[in-house]
There are 2 protein chains.
Amino acid sequence: MKHPVNCFILIAMKHGNLNPPRKTGRPLSFDRATALHQAMLLFWKHGYEATSLSDLTKAMGITPPSVYTAFGDKKQLFLEAVAHYLSGPLTPAQIINDAPTARAAAENLLNAAVLGDTGDDTPPGCLLASSAQSCSAAAADVQAELASLRGTIETCLRDRISRAIETGEMPPHTDAEMLAGHVMAVIQGMSTLARDGANRDKLTRIAASAMRSWEE
Amino acid sequence: MKHPVNCFILIAMKHGNLNPPRKTGRPLSFDRATALHQAMLLFWKHGYEATSLSDLTKAMGITPPSVYTAFGDKKQLFLEAVAHYLSGPLTPAQIINDAPTARAAAENLLNAAVLGDTGDDTPPGCLLASSAQSCSAAAADVQAELASLRGTIETCLRDRISRAIETGEMPPHTDAEMLAGHVMAVIQGMSTLARDGANRDKLTRIAASAMRSWEE
DNA sequence: GTTATTTCGTAACGATCACTAGGAAATTCA
DNA sequence: TGAATTTCCTAGTGATCGTTACGAAATAAC
């Protein structure tokens, strides 16, 4: 059985200069991975535009020129932070395609979102859902990039459901787009609820409530 | 039967100086209501922080000092725009409490959200859900204000469900917090989907999918 | 040791941010 | 008409935005 291409790994590779092949010159005086992680946490909490370079350099422990030599500009740093966010421990595509059934795929995706929304060492909510909800015209391309990433997850889930219909796992009258869209809506809505203070237990029950749409 | 207080009308009254009782002095050279409406549309599209005063004055057709004399500062203008957004044609509390059943309340609320998310003359999505998802520390109070408004709607719906349990309209084992939270999550998630390009038909089906959680 | 290459911190760049003096203009009331 | 009041526009305020010259410092190759 052929697995579809994991787009998120590709994205991580596209943006990732995690170990650039340098041969000469002064070495980096900071750990690039931990600096990126700190940047991710800040973008996660305050979003793309509201996070200033002053905030970033403070959290990353480096000066603005170091940010630009190591990561490019603010936009590239953010996109790499998003790729870092999506890169582990399990990518959405892995969660969907490793599940034994389409229903389990949706359930696992929802529960993974709950865990991500309510982590102890991370800000509440989902970076992909909240960090560029609304932004200025200057950041329209960043907004579109995140929308594309969200769309990729939804497409991946919808395709998984469509395959389940073909194999007879789900009834032929199943509306794959509707079910996938509902799961995505709940995932993104739970991010807001988490930011508004909802705890893990409440979100878990909401996810279970959403799965009741899958009962025959 | 006593109806709960409609908090949204109170909010609108709190912020509303729509017709301040002036007796002397030079009159306003612009229509305050339409200027507020234009500001609301801009906040709706780009959010609170990403909408600059320069953008606002351009859209409202007035100069910065006029904004400050008529509306206070940017924060007050935004909150009044939110109150304007929530004030009509039907407030969420009206939709919930006018419905014959708790199930109809949820259904009507979801469908009203779909209509609001996909209006022809308004930006896609929901202003309440998207305009301050993530913001800087300086706007934390605005963020909290919107979270409070969202929480009021959720509480209103949950109370409606609790009443339905008491009257026997819904079974006693019903989890009111879960059902209300699920509806709120879908509403806020649909806002993101609408911003990402989902049309009215797709959102309507998603809302219908969410209501399947209410089947016995 | 010399050269080439890269990163370092300091200090600034122009642009834009939300916001406001200050005085002229327009209204009401006497 | 004259005084009081309020809004008008012009032109700016200081602060912060993302970004970058610039020269010193640190490494590898020779």
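Lettering of chains follows the sequences in order, A, B, ..., and the numbering in each one begins at 1. As the structure is a computational prediction, the values presented were derived from the model and not from experiment.
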Asks: Are any of B/S66's side-chain N or O atoms less than 4.0 Å away from OP1 or OP2 of D/dC8?
Replies: yes

Asks: Over how many whole Å does the gap from B/R26 atom CZ to C/dA26 atom P extend?
Replies: 6 Å

Asks: The side chain of B/P65 lies closest to which of these nucleotides: C/dG9, C/dA21, D/dA25?
Replies: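 The nucleotide sitting nearest to the side chain is C/dA21.
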
Asks: Mapping A/V67 and A/P64 onto DNA chain C by nearest heavy atom, which one lands closer to the 5' end?
Replies: A/V67

Asks: Can you tell me how the ring of B/H37 sits relative to the ring of B/H84, calling it parallel under 30°, perpendicular over 60° and tilted otherwise?
Replies: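 B/H37 and B/H84: perpendicular rings.
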
Asks: When you measure from the side-chain N and O atoms of A/S29 to the phosphate of C/dC8, is any distance below 4.0 Å, counting only OP1 and OP2?
Replies: yes

Asks: Using atom CZ of B/R32 as one end and atom P of D/dT6 as the other, report the distance to the nearest whole Å.
Replies: 16 Å

Asks: Locate the shortest heavy-atom distance separating B/L179 from A/S209; write the atom from each residue and the value.
Replies: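 That closest heavy-atom pairing would be CD2-OG, 4.0 Å.
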
Asks: Would you classify A/T57 as touching base, sugar-phosphate or nothing, given that sugar-phosphate means primed atoms plus P, OP1 and OP2, and contacts are heavy atoms under 4.0 Å?
Replies: nothing

Asks: Which nucleotide, C/dC19, D/dG18, C/dT7, lies nearest any side-chain atom of B/D73?
Replies: C/dC19

Asks: Measure up the B/F43 and B/F78 rings against each other and bin them: parallel (under 30°), tilted (30 to 60°), perpendicular (over 60°).
Replies: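 Rings of B/F43 and B/F78: perpendicular, over 60°.
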
Asks: Starting at CG of A/D55 and ending at P of D/dA15, how long is that distance when rounded to a whole Å?
Replies: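 From A/D55 CG to D/dA15 P: 18 Å.
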
Asks: Take atom NZ of A/K74 and atom P of D/dT20, then tell me their distance rounded to the nearest Å.
Replies: 14 Å

Asks: Return the nearest nucleotide to the side chain of A/T24; candidates are C/dA24, D/dA28, D/dT20.
Replies: D/dA28

Asks: With respect to the side chain of B/S54, which nucleotide from C/dC17, D/dT20, D/dC9 is positioned closest?
Replies: C/dC17

Asks: Taking CZ from B/F30 and C1' from C/dA26, how many angstroms apart are they, rounded to a whole number?
Replies: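 The answer, rounded to whole Å, is 15 Å.
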
Asks: Check A/M60 against A/A39 and note the closest heavy-atom contact, atom names and distance.
Replies: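 Taking A/M60 first and A/A39 second, the nearest heavy atoms are SD-CB, 4.0 Å.
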
Asks: DNA chain D: B/I62 or A/K75, which has the more 5' nearest nucleotide?
Replies: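 Here B/I62 is the residue nearer the 5' end.
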
Asks: Relative to the ring of A/W44, is the ring of A/Y85 parallel (under 30°), tilted (30 to 60°) or perpendicular (over 60°)?
Replies: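 Geometry flag for A/W44 against A/Y85: perpendicular rings.
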
Asks: Are B/T63 and D/dC9 close enough that a side-chain N or O sits under 4.0 Å from OP1 or OP2?
Replies: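 Yes, within the criterion.
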
Asks: Specify the separation, in whole Å, of atom CG of B/L28 and atom P of D/dT5.
Replies: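 Rounded to whole Å, this separation is 18 Å.
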
Asks: What is the distance, to the nearest angstrom, from the CD atom on B/E49 to the P atom on D/dC17?
Replies: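 The answer, rounded to whole Å, is 11 Å.
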
Asks: Between D/dC17 and A/S52, is there an OP1 or OP2 to side-chain N/O distance shorter than 4.0 Å?
Replies: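 Checking A/S52 against D/dC17: at least one side-chain N or O falls below 4.0 Å of OP1 or OP2.
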
Asks: Rounded to whole angstroms, how far apart are CG on A/L53 and P on D/dT20?
Replies: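 The answer, rounded to whole Å, is 11 Å.
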
Asks: Looking only at side-chain N and O atoms, does B/Y68 come under 4.0 Å of OP1 or OP2 in C/dT20?
Replies: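 For C/dT20, neither OP1 nor OP2 has a side-chain N or O of B/Y68 closer than 4.0 Å.
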
